[in-house]
Q: 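Below you will find the structure I want to go over with you.
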Amino acid sequence: MKTITGFSTVMNFERDGIPAHVLYKRLAIFFDEVIFNPRYCPIGRDDLFKTHTDYLAMLVSGNIEAGKTLAKTKGFKSVFINCWDYIEDVEKFETGLENILDKELINKIFSYAYEKEMPEGAIIHTKEFKQLCGDMWRDLQLYSGFKEIEPNTAGNLSSHFGEAFTDFSRSEGILINELSLNSTQMPDFSELSWEQIFELRKDSSIKKFRDKILANFDQSKGIDSEIISGLWEIASYAKPNIKGTILKGILSNIPSPIIINPVGLGTAIKDTYDDYKLEESKGWLFFIQKARALTEANPNKQFNTEA
């Protein structure tokens, strides 16, 4: 699945305290392609950055020189795609976004922008708040317009959408910051290096991980219960085939309060259960296992431009 982002998306997540490098590392794991709309950015033949790749690499690196190195990597280029590469008539697409939202959504935006009350009851009319609502508007326009071209696209929404458009954000998009931070068992992918991100994207289990997360994510429950349930199922697969001491070791990975270290668990089970069946049913768990191991090791690798 794809997700669509733009400059307004970056601004929205910055307001949530989530910098660009955190947002885009998470998106690179959760989605096959991260589409970026270059409008409003200094990108073009006569601008500071020649391509959207150059711009995004600088944005997530924090400085131009590091960005130049990152932009050369095959892995980075394969993740972030220019929105306009999907569009035959860019001007028509961008102009069409101005009128793409239905009246119900427009009214919700105006209501949120001009009627939201502060705790003491004062109506918010600050410039900063209006800018927030403008960026939310732009994100909704971009998502709605691009989905008409690529239906298999998820909205990439910040927590402000959960406040203003609860029903829409739950049914049409993923609150990425909630998805990452509500879990105590899943690693924070933003702690990985970009080279580690590229390595995980090549993992054979990543599609199963994405399918599990994006298809079954419940904002109210999170993913932790799914992880724990999966570990218990793996233990039940192995129970008839392994010694009691090994099983005891497996179950010890599921304490209360639950703190899991399933790195050794995966190896033990694969030796006693059909590899194919295990990968089909629980491959998403082994992907999380690999990511946890990488975050714990946390090597300081240099960028490989062939990655």
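In this chain, numbering begins with 1 at the start of the sequence shown.
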Q: Rounded to the nearest 0.5 Å, what separates atom CG in L200 from atom CD1 in I206?
A: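 The CG atom of L200 sits 6.5 Å away from the CD1 atom of I206.
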Q: With rounding to the nearest 0.5 angstrom, report the OG1 to CD1 distance, T95 to I100.
A: 12.0 Å
Q: Can you see which heavy atom on P38 is nearest to which on I43, and at what distance?
A: CB-CD1, 3.8 Å
Q: In Å, rounded to the nearest 0.5 Å, how long is the span from CZ of F93 to OH of Y86?
A: 12.0 Å
Q: Calculate, to the nearest 0.5 Å, the distance between atoms OG and CG belonging to S190 and L27 respectively.
A: 11.0 Å
Q: Provide the closest heavy-atom pair for V34 versus A28 in the form atom of the first, atom of the second, distance.
A: CG2-N, 4.1 Å
Q: Students often mix this up, so state it plainly: with edges at 30° and 60°, are the rings of F30 and F189 parallel, tilted or perpendicular?
A: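 Because their plane-to-plane angle is over 60°, the rings of F30 and F189 count as perpendicular.
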Q: What's the shortest heavy-atom distance between V60 and H21, and which atoms?
A: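 That closest heavy-atom pairing would be O-CB, 3.2 Å.
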Q: Could you tell me whether the side chain of F80 reaches within less than 4.5 Å of the side chain of T53, counting heavy atoms only?
A: no
Q: Looking only at the side chains, is there a donor atom on one of T5 and Y24 sitting less than 3.5 Å from an acceptor on the other?
A: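 On atom types as modelled, these side chains qualify, holding a pair under 3.5 Å.
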Q: Measuring only between side-chain heavy atoms, which start at C-beta, is E33 closer than 4.5 Å to V79?
A: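 SC-SC contact between E33 and V79 ruled out.
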Q: Roughly how far, to the nearest 0.5 Å, is NZ of K147 from CD of E150?
A: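 Between atom CD of E150 and atom NZ of K147 there are 12.0 Å.
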Q: Can you tell me if T9 and N12 form a side-chain donor-acceptor pair at under 3.5 Å?
A: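 Absent: no donor and acceptor within the cut-off.
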Q: Heavy atoms only: give me the nearest G283-S205 pair and the separation to one decimal.
A: O-CB, 3.3 Å
Q: Is there a donor-acceptor pair closer than 3.5 Å between any side-chain N or O of S61 and the backbone N or O of M58?
A: no
Q: To check you understand the geometry: which heavy-atom pair defines the closest contact between R201 and R210, and what is its length?
A: NH1-NH2, 3.3 Å
Q: Take D203 and K290 through the side-chain contact (heavy atoms from CB on, under 4.5 Å) test and state the conclusion after the steps.
A: CA-CA 9 Å; D203 190 277; K290 181 175 180 178; 3.2 Å; yes
Q: Side chain to side chain donor-acceptor pair (under 3.5 Å) with S8: which of D135, N37, D139?
A: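 Exactly one candidate clears the test, D139.
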Q: Looking at L70, is its backbone amide N or carbonyl O close enough to the side chain of T73 to form a donor-acceptor pair, meaning the two atoms are under 3.5 Å apart?
A: yes
Q: Step by step, would you call I288 with F209 a side-chain contact (heavy atoms from CB on, under 4.5 Å)?
A: CA-CA 8 Å; I288 293 176; F209 168 78; 3.7 Å; yes
Q: Let me confirm one number: the CZ-CG distance from R138 to L142, rounded to the nearest 0.5 Å.
A: 5.5 Å
Q: Would you mind reporting whether T3 and T153 have side-chain heavy atoms less than 4.5 Å apart?
A: no
Q: Taking all non-hydrogen atoms of both residues into account, name the closest pair between A154 and Y143 and its distance.
A: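 Between these two residues, the closest heavy atoms are C-CE1, 3.6 Å.
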Q: Taking E14 for its side chain and P19 for its backbone only, find out whether a donor-acceptor pair lies under 3.5 Å.
A: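 Pair absent, no side-chain N/O of E14 close to backbone of P19.
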Q: Only counting residues at least two apart or in another chain, list the ones meeting salt bridge (charged side-chain N to carboxylate O under 4.0 Å, His left out) with E98.
A: R39
Q: Kindly write out the residues that satisfy salt bridge (charged side-chain N to carboxylate O under 4.0 Å, His left out) with K50, not counting sequence neighbours, or none if the list is empty.
A: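 Listed in chain order: nothing, the list is empty.
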Q: Test your reading of the model: is there a side-chain donor-acceptor pair from E148 to the backbone of G145, 3.5 Å cut-off?
A: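 No; zero donor-acceptor contacts below 3.5 Å.
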